[in-house]
Structure formats: structure tokens, C-alpha cells
Colleague: 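Can you read through this structure? Questions will come right after.
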Amino acid sequence: MKKKPYLSIALAAGLAVSSFGAPAIYAKPAETPKQVQPFNVFDNKILNKINVENIYNNIEYLSRTPRVAGTEAEHNAIQYVKQQFESYGYETELQEFTFYGYTAPHTVELTVDGYSGEIKPKSFTYGMDGTVSGELVYAGLGQAGDFEGIDVTGKIALIQRGAISFADKVLNAAANGAAGVIIFNNAPGDLNGTFGSPNDAYVPAVAISQEVGQALVDQLNNGETLTGSINIEGADAGMRTSYNVIATKAPTNKNKAKDGIVALGAHHDSVPGAPGANDDASGTAMTLELARVMKDLPTNMEMRFITFGAEELGLIGSRYYVSQLSEEEKDSFVGYFNMDMVGSRDAGDLVINTPDGNENIVSQTAQASSARLNGESTPIQPGGSSDHVSFFEGGIASGSFIHRPLEPWYHTPEDTIDKISKEKLQDVAEIVGTAVYDIVRPENQGPKVNRGKEQKVPHLYYEEEIK
Ligand code: BES
Ligand code: ZN
């Protein structure tokens, strides 16, 4: 990462126009007469207030535990974020929404009498609890025809992965009277699978490796009788509740109340087992700090500081948020700045992901601020996979700030506070904070809101080259 350079006067002069064409005023040159610090005075209103220790300490607090959407831990994080916003003086709303969720079982056991090796069974997402035992019967790929000529009634069907879905294999076995199912991988290694959706017709099922599955098939082919026992406890599917936390700052210039809305935010939930220090306690803590920094600054637009729930389950909270906006709100929404994974010492450089790879007011103002602060503008890269997509789909300009390539700890139990870089946090907070302030400051007459068309993102799950 770059230290802030002193730019030459020529370059600074080139930058001496704010992103909306209004003239910007720069700080006086420092001691060296030929060099000038390229910040404008408005940037300094943000830069002087950011305290990276606040961000770091809030990440440390939030990342003491995983914060899976709909769990008590997420609800505790939500209360904490709300209290922090309120301690800065914000009116804060909890926006409730519900979704269908699944909790993985705490106990997944498989024993096979007559097999001596280690088995390490896994459960399937949306699989059900149960304790069953019975003779093992090999049922090939578990397609309907595979059950002709074999009797699995009250027994455990041993099925290979492939050709049809895991769910259909289990449903076919259940339809033929099987008490349980073991599915083994068709490639080396463990099998972690999902049934895709819940179904009361499933029977208890476990996944095992190709190596163990093939060994069991070989023993059966040798004429041995094997008896298996499956025990699954703690799986729980059903409706869950989560919340978006929304702190609002009214425009200080009351005459300008209808000029626009600018939002910045992050998701506060994490994946199971991951403390999510970087993903995304970092963005949540940065949202809090920028809210604190901007609390008493004069602005001509409404600002919304938002942390979203259930992002990791498919952008559920942010989609709900956008779905609840009125036409009038959408018409006046200028842009949404998303911060997701903004502090890992082990990730690459900062990029701005926009869902279609095109620039918009979020990317433009952040490119301008990064050029002013660091002498180099943060590159744009097409990318989805976070809450900015929900805004884009609602026709609202958005961008997500993230360091790429990702750190190796992404979505693992190792995503912890010790991997967080204060330098990276400081850099992103400065770039985003000054970009946002450039839009909302009262000196700025403001851009015309450019409401986009509502559209689906074509490539949510694949990546392209950095522009
Ligand atoms: N923090 C990530 C965002 C991310 C990950 C962006 C990888 C770019 C690359 C986010 O929380 C996440 O994990 N998103 C999901 C997708 C989402 C729609 C459930 C992902 O990328 O698997
Ligand atoms: Zn994330």
C-alpha cells in the first residue's frame, strides 16, 4: 500500500476540481514550495476525525464469535451495532425480516460392523435427524432403476455420487423403503453436499469419502454382510429472523431535504464456524466509525448507515431492504458504498467491485478520492457476491470495496483479529469516507440522481480480469 505522496503542482492542479466540477480548495503547500498536499479542505474534515483504533476494537469485539444469520450470536451483534450508532447520537432502526434457514447437526455418526477403518461421515445441508441401523445394500447411483432386483426395505442403501442429485438419491431410496442412506464420493476426498431444499420424505443420510465407500462396496461384493448405524442429532430447519440495522442522518441543510440519499454499509453476519473478523466485522466496524465521524458534519443529503443481516445466505437482508424502498426513495437514492472484507493483512490491494464492471458515482468519487489521497486511483473490477448487488438490481448505483486477491482465511475459523491490518483499515476508511463526503457536503450542489433500470446481475458468481 502506498503512503500518501506529495504530488507535483501540475498533477495537483489537474486534480483540483472535485468530482462534480465544483472548484475544490486545497491546503496550503507545506514547507517544500514545489510540492503540495493534494487533499482538499473537505477531505480533512473526514481525515482528521477517523480513529482506526475504534475500527480495530469493534472488529475485535464482533469477531469473538461467528455471527450466523438468525442465531443468538447474530442478534447480539445487531444489538451491539445499534447501541454503538445510538451512542453517537443516531436514531437507529432495526428492520426485521424472516427467511427459511437450516442449522447443521452437532452430531453425525456412522458405524459399520465389519469395517475397521476410520469413516468421518458428513451430513447434508437440509438433511434430517434420526437414528437408524440396518444391513448395507449397494444401490449403484441410486437412480430409480437401480432399486429393481434389490431389497432395501428397512436397510441402509449405499449409493455412489453422480448422475442425479443427492436429494433424488435419498428420495428414491426412501420410496423403496430404505431406513437410511450412505452416499460416497466419486472423486478422492470427503463429500460436503446439500439437498438444495428441505423435504419431509428424506431418511437419515450421511456422506463419506470415495475411499471408504469403495472399500465397503468391495467387502459387499466379496459376500460379506455389513450392518451400519447412522445417528444424526441437532439438525434444525425452519423460519429464522434477522435484522438490518439502519442509522439515519437527516440533511443539515433543511431546504435541501429532497436532494438525495447516500448510503454506506456492510454485512454483520458471518458463515458458520468463521469469526468473520475480515468478513465482515471489518466493514461493519468501518460503517460505525464513518457514522461517528460524519455525525455532526454539515450535509445537504440524507445519509444512511446500514449493516445487513443474512448476506452470507444469499444477500437476503439487503434484498429485503431494497424491496422495502418506496419509488420516491429509489428516485432520490444517489448511491450505496459497500465495505466487505476491508482489513486483511494477507489479502491483495483494494479494488472497487461494481456488478456490471462499469463505473458509476460510487466508483467515480472513490477513484477521485483515492487519487487525491494516495496519488493512484483504486481500480474498478466487475464483481458481485455482496450486498451492493441488491442495490444495483434495484436500479441504484453501487460499489463494493474489497482487497483482492482474497486472503487464505476467507470463510474459515482462521478469519480472526490477528490477521487485521490497521494500515489497510485506515486506507479504506479514508477513501470511502472522503468519497462519501464529497457527495453529501453542502458546498456541493449535488449530482442529478441517475436511477438505473432494475435488472438481474448476469455474473454474480464468476470473476473477470481487473480493468
Ligand atoms: N465477503 C464475501 C464477498 C466476496 C467473496 C466477494 C468472494 C468477492 C469474492 C461475501 O460475504 C460472500 O462470501 N459472498 C458469497 C456469495 C453470496 C451471494 C452468498 C460468496 O462469494 O460465496
Ligand atoms: Zn462478506
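Note that ligands are numbered from 1 as they come in the structure, with each ligand's atoms numbered from 1 the same way.
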Colleague: Verify whether the ring centers belonging to Tyr202 and Phe195 lie closer than 6.0 Å.
Modeller: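 Yes, the ring centres sit under 6.0 Å apart.
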Colleague: Taking only heavy atoms of Met341 into account, list the atoms of ligand 1 that are under 4.0 Å away from them.
Modeller: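 The list of qualifying atoms is 1 (N), 2 (C).
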Colleague: Take Tyr126 and Tyr100 through the test side chain to side chain contact (heavy atoms under 4.5 Å, CB included) and record every step on the way to the result.
Modeller: CA-CA 11 Å; Tyr126 295 116; Tyr100 193 87; 4.0 Å; yes
Colleague: Show the atoms of ligand 1 that are less than 4.0 angstrom away from any heavy atom in Asp340.
Modeller: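 Answer for ligand 1: 1 (N), 2 (C), 3 (C), 10 (C), 11 (O).
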Colleague: Heavy-atom contacts under 4.0 Å between Glu312 and ligand 1: side chain, backbone, both, or neither?
Modeller: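 The answer is both, backbone and side chain.
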Colleague: Quick one: closest heavy-atom pair of Glu289 and Asn54, and the distance?
Modeller: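 The pair with the smallest heavy-atom distance is OE1-ND2, 3.1 Å.
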Colleague: In this structure, which one of Lys82, Gln84, Gln83 forms a side chain to side chain donor-acceptor pair (under 3.5 Å) with Glu86?
Modeller: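 That would be Lys82; it is the only one of Lys82, Gln84, Gln83 passing the side chain to side chain donor-acceptor pair (under 3.5 Å) with Glu86.
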Colleague: Show which atoms of ligand 1 fall inside a sub-4.0 Å distance from at least one heavy-atom site of Leu315.
Modeller: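 Matching atoms, with element in brackets: 18 (C).
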Colleague: Measuring only between side-chain heavy atoms, which start at C-beta, is Leu264 closer than 4.5 Å to Met339?
Modeller: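 In short, these two side chains touch, coming nearer than 4.5 Å.
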Colleague: In Asp279, what N, O or S atom is nearest to the Zn ion (ligand 2), if we give its atom name?
Modeller: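 So the atom name we want here is OD1.
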Colleague: Do Asn360 side-chain atoms and Ser363 backbone N/O form a donor-acceptor pair below 3.5 Å?
Modeller: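 Here the side-chain-to-backbone pair exists.
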Colleague: Specify whether an N/O/S atom of Asp280 falls short of 2.8 Å from the Zn ion (ligand 2).
Modeller: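 No.
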Colleague: Cation-pi check, Lys422 to Tyr56: give yes when NZ or CZ is under 6.0 Å from the six-membered ring centre and within 45° of the ring axis, no otherwise.
Modeller: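 Yes, Lys422 and Tyr56 form such a contact.
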Colleague: Provide the number and element of each atom of ligand 1 under 4.0 Å from a heavy atom of His267.
Modeller: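 Within the 4.0 Å cut-off of His267, ligand 1 contributes 11 (O).
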Colleague: Within 45° of the ring axis of Tyr437 and under 6.0 Å from its six-membered ring centre, is that where the NZ or CZ of Lys45 lies?
Modeller: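 No, a cation-pi geometry is absent between Lys45 and Tyr437.
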Colleague: Hey, is Ile402 touching ligand 1 through its side chain, its backbone, both or neither, going by heavy atoms under 4.0 Å?
Modeller: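 Looking at Ile402 and ligand 1, just side chain atoms fall under 4.0 Å.
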Colleague: Polar-atom distance check: Asn353 versus ligand 1, any N or O pair below 3.5 Å?
Modeller: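 Such a contact does not occur with ligand 1.
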Colleague: Classify the angle between the aromatic ring planes of Phe97 and Phe99 as parallel (below 30°), tilted (30 to 60°) or perpendicular (above 60°).
Modeller: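 Correct class here is tilted.
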Colleague: Just let me know how Asp280 lines up against ligand 1, side chain, backbone, both or neither, with a heavy-atom cut-off below 4.0 Å.
Modeller: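 It is neither; nothing of Asp280 touches ligand 1.
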Colleague: Output the atom name for the N/O/S atom of His267 with the smallest distance to the Zn ion (ligand 2).
Modeller: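 Checking each N, O and S atom of His267, the shortest distance to the Zn ion (ligand 2) belongs to NE2.
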Colleague: Please identify which atoms of ligand 1 are closer than 4.0 Å to at least one heavy atom of Glu311.
Modeller: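 Per the distance check, 10 (C), 11 (O), 12 (C), 14 (N), 19 (C).
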Colleague: What about the rings of Phe337 and His388, do their centers lie closer together than 6.0 Å?
Modeller: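 No - the distance between ring centres of Phe337 and His388 does not fall below the 6.0 Å cut-off.
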Colleague: Measure from the Zn ion (ligand 2) to each N, O or S atom of Asp340 and report whether any distance is below 2.8 Å.
Modeller: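 Under 2.8 Å: Asp340 contacts the Zn ion (ligand 2) through an N, O or S atom.
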Colleague: With a 4.0 Å cut-off on heavy atoms, is Gly314 touching ligand 1?
Modeller: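 It does, in that a heavy atom of Gly314 comes within the 4.0 Å cut-off of ligand 1.
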Colleague: Under 4.0 Å from ligand 1, counting heavy atoms only, is it the side chain of Arg404, its backbone, both or neither?
Modeller: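 Side chain only.
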